[in-house]
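To keep things clear, I will list the structure first and then write my remarks on it.
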Amino acid sequence: MNDANDNLADSKPGRFVDEIVLEDLARDTFGRPLLTRFPPEPNGYLHIGHAKSICLNFGVAALHPDGRCNLRFDDTNPAAEDEEFVEAIQEDVRWLGFQWNGEVKFASDYFEQLYEWAEKLIREGKAYVDSQSLEQIRENRGNFYKPGIPSPDRDRSVEENLDLFRRMRAGEFEEGQYVLRAKIDMQSKDLKLRDPVMYRIRKVPHHRTGDEWCIYPMYDWAHGQSDAIEGITHSICTLEFQNHRGLYEWFLEALGIEKPPKQIEFARLNLTYTVLSKRKLQQLVEGGHVSGWDDPRMPTLAGMRRRGVPPAAIRNFCDRIGVSRKDGVVDVGLLEHEIREELNRTAPRRMAVLRPLRVVIENFPEGEALEVEVQNNPERPEEGTRKLLFTREVFIERDDFMEVPMKKWFRLSPGAEVRLRGACIIRCNEVVKDASGEIVELRCTWDEQSKGGAPADGRKIKGTLHWVSAAHAVDAEVRLYDRLFHSENPAGEENFLEHLNPESLEVIEGAKLEPSLGELAVGEVVQFERLGYFARDRESTADGRPVFNRTITLKDSWAKIAKSGA
RNA sequence: UCCGGGAUCGUCUAAUGGUAGGACGGCGGACUUUGGAUCCGCUAAUGAAGGUUCGAGCCCUUCUCCCGGAACCA
């Protein structure tokens with residue numbers, strides 16, 4: 001290090017948005033405090049892609065003392081939206097660790113103001129009621145290479161427009177009969193400026209305004225104006241809205257809004273082995289490919305929460321990937337890394353055997369128990385220790401025994417010695433099989449001088465296994481989750497559903513847990529030593545067994561050795 | 001053929017005219033009562049061609065490739 005700044009500039013990726021904000025604040029572009037907003041449409045559950053936007057919007061605001069971020073529901077399409085999502089979204093934002101400015105906002109709160117502004121534009125000759133059909137409007141809009149053709153209604157009088165628009169609101173017309181359009185420029189190279197639709201008639205009750213309205217504003221008409229009403233300074237959205245910026249600015253200008261909000265676009269998140277489009281996620285749910293929006297395999301915040309992913313891991317991930325205008329695909333391994341990193345710091349260690357193999361310690365007295373003390377988290381000694389009972393019969397992982405060991409195999413095999421974590425050293429003397437040749441039990445002896453796991457003579461014991469006392473074990477169901485897709489880019493496949501990973505869920509019925517896990521609270525995450533991180537699920541099986549979801553495995557360097565050796 | 005964006009290690013991202021750096025991954029090693037963690041090392045990039053400059057990833061020109069745009073969705 002030849003420069004202390006090297007450490008400061010360090011590893012945190014930049015956010016170009018921060019620089020824009022800094023500049024605007026320096027020259028007081030807006031004459032009001034920094035205000036961003038997170039504007040979900042309440043028509044689905046939030047996912048990891050939304051988390052990027054949330055972290056950005058709230059994060060930018062948090063960088064400045066007067067900075068705030070609103071939560072505003074963009075609820076302008078009653079046909080798609082539902083109260084169910086309004087609740088869920090708020091819960092997800094809070095869970096992620098953010099607090100919005102004041103009350104929750106709704107675009108529907110501004111319907112009246114929007115309506116008045118629309119009349120104002122009509123009076124100024126900047127909007128008109130069009131009676132063309134949807135098809136005609138589309139046809140007359142032209143295309144990338146062909147200019148549009150003005151609607152026959154384009155020069156309707158202000159009086160007639162006002163009358164028609166008021167009657168639209170009053171419900172005198174059928175859906176599709178009329179729309180209100182902004183009168184801009186049918187020749188514009190920016191197709192969004194070819195007289196965009198502002199209002200359509202929809203005789204559908206709205207989740208908040210009920211039957212009060214039968215005309216609803218389009219996104220472009222509602223969004224920028226909602227920003228203006230709230231005093232938003234920086235309206236941060238994803239790249240696909242770049243094409244809307246001209247229109248966003250046109251409306252604000254036409255209304256004479258002073259110091260209008262500034263729209264800034266960034267690249268939305270894409271993740272390998274993951275789909276993030278609302279429609280595809282919905283297909284997964286409705287097609288029964290997952291158990292619901294909060295299935296632990298879903299990239300939804302609800303799913304990740306249930307899986308055991310800590311919110312801090314998601315926040316750190318969002319910091320890590322940075323924010324730019326370049327669309328790319330983030331390796332899901334980076335998310336997994338952040339999850340492991342966070343959980344390694346915070347998750348208490350426990351022992352659990354997924355696929356039990358009975359081990360009988362022949363020289364250990366029947367009916368007796370040896371009390372051993374193990375650390376709750378070697379990473380954080382301050383979290384103390386707990387007591388475990390070691391007995392004559394214990395379970396170890398079937399995967400930890402190999403009758404004919406491979407090279408570099410440090411675990412148990414006939415004649416070999418291993419340590420049972422925190423307890424003692426055992427040697428395998430005999431393999432007991434059933435009639436079909438399957439191994440049913442191991443007969444072992446223990447080294448009485450190795451209580452706690454340390455050999456009295458200091459000999460090296462390379463393998464350490466986790467174990468559970470057979471007499472004290474709690475039975476559990478454990479759900480092992482893996483990536484939902486085996487295609488790196490499922491969204492890019494002809495039919496993404498054909499690329500579902502058939503092994504994304506494996507249910508283990510007969511897992512054996514150390515006793516303390518029987519009482520773990522729902523949602524708590526622990527490390528099953530040597531296996532991975534597991535969260536207690538809200539579902540329990542009929543017989544009252546606890547259910548655990550695997551959040552993520554530990555890194556498994558043995559898997560690599562075994563693979564290369566094979 | 002139009003308009004708007006974007007191109008830096010395999011991936012994400014810094015460097016804002018002055019030594020192309022970090023993270024993830026991969027590879028190798030040390031250590032280890034989790035084959036975990038930790039630590040160390042290595043690997044690997046400026047889309048192309050010209051130009052300006054003492055000096056270009058950065059500025060200019062041309063080209064190439066990628067993404068978005070022709071909803072009464074957001």
Side-chain angles (χ1 to χ4, degrees), chain A residues 2 6 9-15 19 39-41 43 74-77 79-81 130 133-134 137-139 141-148 175-176 178-181 188-192 194 196-202 216 218-220 222-223 237-246 265 267 272 278 320-338 340-341 344-345 349 351 374-375 378-379 408-411 419-423 425 450 452-455 461-466 527-532 553-562:
Chain A
N2 49 13
D6 287 356
D10 198 359
S11 54
K12 205 153 188 184
R15 291 192 306 207
E19 290 173 23
E41 184 185 16
N43 69 344
D74 226 338
D75 55 350
T76 57
N77 183 4
E81 296 147 10
D130 195 353
S133 69
L134 199 161
I137 289 177
R138 188 189 299 140
E139 177 64 26
R141 182 144 35 220
N143 60 37
F144 300 149
Y145 318 112
K146 195 175 77 183
E175 290 190 6
Y178 291 105
V179 290
L180 184 73
R181 289 231 257 170
S188 177
K189 305 239 188 207
D190 179 351
L191 302 215
K192 282 278 179 285
R194 318 244 264 226
V197 172
M198 294 169 66
Y199 279 96
R200 75 287 216 193
I201 298 170
R202 279 285 173 281
Y216 291 94
M218 300 291 292
Y219 165 84
D220 288 299
H223 200 88
C237 60
T238 47
L239 249 28
E240 64 269 30
F241 290 96
Q242 277 177 140
N243 299 304
H244 297 240
R245 193 166 67 234
E265 310 86 9
T272 56
K278 223 174 261 184
R320 256 304 156 226
I321 59 177
V323 176
S324 74
R325 282 182 138 115
K326 174 184 135 191
D327 55 15
V329 187
V330 176
D331 187 341
V332 74
L334 189 48
L335 208 213
E336 294 171 344
H337 166 79
E338 294 297 340
R340 288 195 181 96
E341 178 140 296
N344 179 49
R345 282 181 39 236
R349 314 288 130 120
M351 289 202 280
V374 293
Q375 282 194 294
E379 302 285 312
K408 291 192 180 172
W409 177 262
F410 302 145
R411 286 124 92 157
R419 171 167 35 239
L420 294 183
R421 176 132 234 233
I425 291 163
S450 66
I461 304 294
K462 291 215 74 168
T464 300
L465 311 185
H466 57 279
Q527 182 191 107
F528 289 178
E529 289 211 45
R530 302 208 308 132
L531 297 174
T553 61
L554 252 28
K555 282 213 285 193
D556 185 359
S557 52
W558 165 250
K560 224 182 279 178
I561 295 169

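Just so it is clear: chains get the letters A, B, ... in the order the sequence lines come, proteins before strands, and each one is counted from 1. Computed from a predicted model, the values in this text were never measured in an experiment. Because only heavy atoms are used, hydrogens play no part in the values below, and waters and symmetry mates are left out as well, while side chains stay in.
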Same-atom distance ([atom1]) from [N] to [M], integer angstrom:
| N | M | atom1 | result |
| --- | --- | --- | --- |
| B/U38 | B/G18 | P | 36 Å |
| B/G47 | B/G10 | P | 12 Å |
| B/A71 | B/C66 | P | 24 Å |
| B/U46 | B/U8 | P | 10 Å |
| B/U1 | B/U16 | C1' | 36 Å |
| B/C58 | B/U19 | P | 14 Å |
| B/G17 | B/C60 | P | 12 Å |
| B/U11 | B/G25 | C1' | 8 Å |

Mind checking if [X] touches a base, just sugar-phosphate, or nothing, with heavy atoms under 4.0 Å?
| X | result |
| --- | --- |
| A/Thr76 | sugar-phosphate |
| A/Asp190 | nothing |
| A/His244 | base |
| A/Arg340 | nothing |
| A/Tyr199 | nothing |
| A/Thr238 | nothing |
| A/Val179 | base |
| A/Lys560 | sugar-phosphate |
| A/Gly452 | base |

Nearest to the [X] side chain among [options], which nucleotide is it?
| X | options | value |
| --- | --- | --- |
| A/Lys555 | B/A15, B/G69, B/G36 | B/G36 |
| A/Phe144 | B/C2, B/U33, B/G4 | B/C2 |
| A/Asn344 | B/G36, B/A70, B/A74 | B/G36 |
| A/Arg419 | B/U33, B/G36, B/G26 | B/U33 |
| A/Met218 | B/A15, B/A37, B/A71 | B/A71 |
| A/Asn243 | B/G36, B/G69, B/G5 | B/G69 |
| A/Glu240 | B/A37, B/C73, B/G68 | B/G68 |
| A/Arg202 | B/C72, B/A74, B/G35 | B/C72 |
| A/Ala454 | B/U33, B/G35, B/G36 | B/U33 |

Give the rounded distance in Å between these two atoms: [atom1] of [X] and [atom2] of [N].
| X | N | atom1 | atom2 | value |
| --- | --- | --- | --- | --- |
| A/Arg421 | B/U33 | CZ | P | 9 Å |
| A/Glu379 | B/G36 | CD | P | 12 Å |
| A/Arg411 | B/G36 | CZ | C1' | 12 Å |
| A/Leu191 | B/C72 | CG | C1' | 17 Å |
| A/Tyr219 | B/C73 | OH | P | 15 Å |
| A/His337 | B/G22 | NE2 | P | 15 Å |
| A/Ile561 | B/G29 | CD1 | P | 10 Å |
| A/Arg138 | B/A70 | CZ | P | 11 Å |

Examine distances only and state if a side-chain atom of [X] and a backbone atom of [Y] form a donor-acceptor pair shorter than 3.5 Å.
| X | Y | result |
| --- | --- | --- |
| A/Arg200 | A/Gly176 | no |
| A/Arg320 | A/Leu334 | no |
| A/Glu81 | A/Asn77 | yes |
| A/Arg340 | A/Gly532 | no |
| A/Arg194 | A/Asn143 | yes |
| A/Ser188 | A/Asp190 | yes |

### Query
Mind checking whether A/Glu41 and A/Tyr219 have side chains closer than 4.5 Å, heavy atoms only?
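In short, these two side chains do not touch, never coming nearer than 4.5 Å.
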
### Task
Could you say whether A/Arg349 or A/Lys189 is positioned toward the 5' end of RNA chain B, judged by the nucleotide with the nearest heavy atom to each?
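Counting from the 5' end, the first nearest nucleotide belongs to A/Lys189.
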
### Upstream residue (5' side of RNA chain B) when A/Glu81 and A/Glu19 are each assigned their closest nucleotide
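Its nearest nucleotide lies further toward 5', so the answer is A/Glu19.
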
Does the structure show a Watson-Crick or G-U wobble partner for [N], both distances under 3.5 Å? Name it, or say none.
| N | result |
| --- | --- |
| B/G18 | B/C54 |
| B/G4 | B/C67 |
| B/C72 | none |
| B/A30 | B/U38 |

### Task
Kindly say whether, by distance alone, the side chain of A/Gln527 makes a donor-acceptor pair under 3.5 Å with the base of B/U34?
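Such a pair is found, so the answer is yes.
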
### Message
Can you see if the side chain of A/Arg345 gets near the phosphate of B/U38 - specifically, an N or O under 4.0 Å from OP1 or OP2?
### Response
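The answer is no; no side-chain N or O of A/Arg345 sits under 4.0 Å from OP1 or OP2.
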
### Query
Does a nitrogen or oxygen in the side chain of A/Arg200 sit under 4.0 Å from OP1 or OP2 of B/A71?
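False: A/Arg200 side-chain N/O out of range (4.0 Å or more) of B/A71 OP1/OP2.
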
### Task
Drop me the distance from A/Glu529's CD to A/Arg421's CZ, to the nearest 0.5 angstrom.
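The CD atom of A/Glu529 sits 4.0 Å away from the CZ atom of A/Arg421.
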
### Query
To the nearest 0.5 Å, how far apart are CD1 in A/Ile561 and CG in A/Asp556?
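It is 9.0 Å, given to the nearest 0.5 Å.
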
### Task
Give a yes or no on whether a salt bridge exists between A/Glu265 and A/Arg325, defined as a side-chain N under 4.0 angstrom from a carboxylate O.
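Looking at A/Glu265 and A/Arg325, the cut-off is met.
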
### Query
Near A/Glu139 CD, under 6.0 Å, is it more than 12 heavy atoms from other residues, nucleotides or ligands?
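No - once you tally the heavy atoms of other residues, nucleotides and ligands closer than 6.0 Å, there are 12 at most.
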
### Query
Which letter, B, S or -, goes with each nucleotide of nucleotides 7-13 of chain B from 5' to 3', with contact meaning a protein heavy atom under 4.0 Å?
-S--SSS

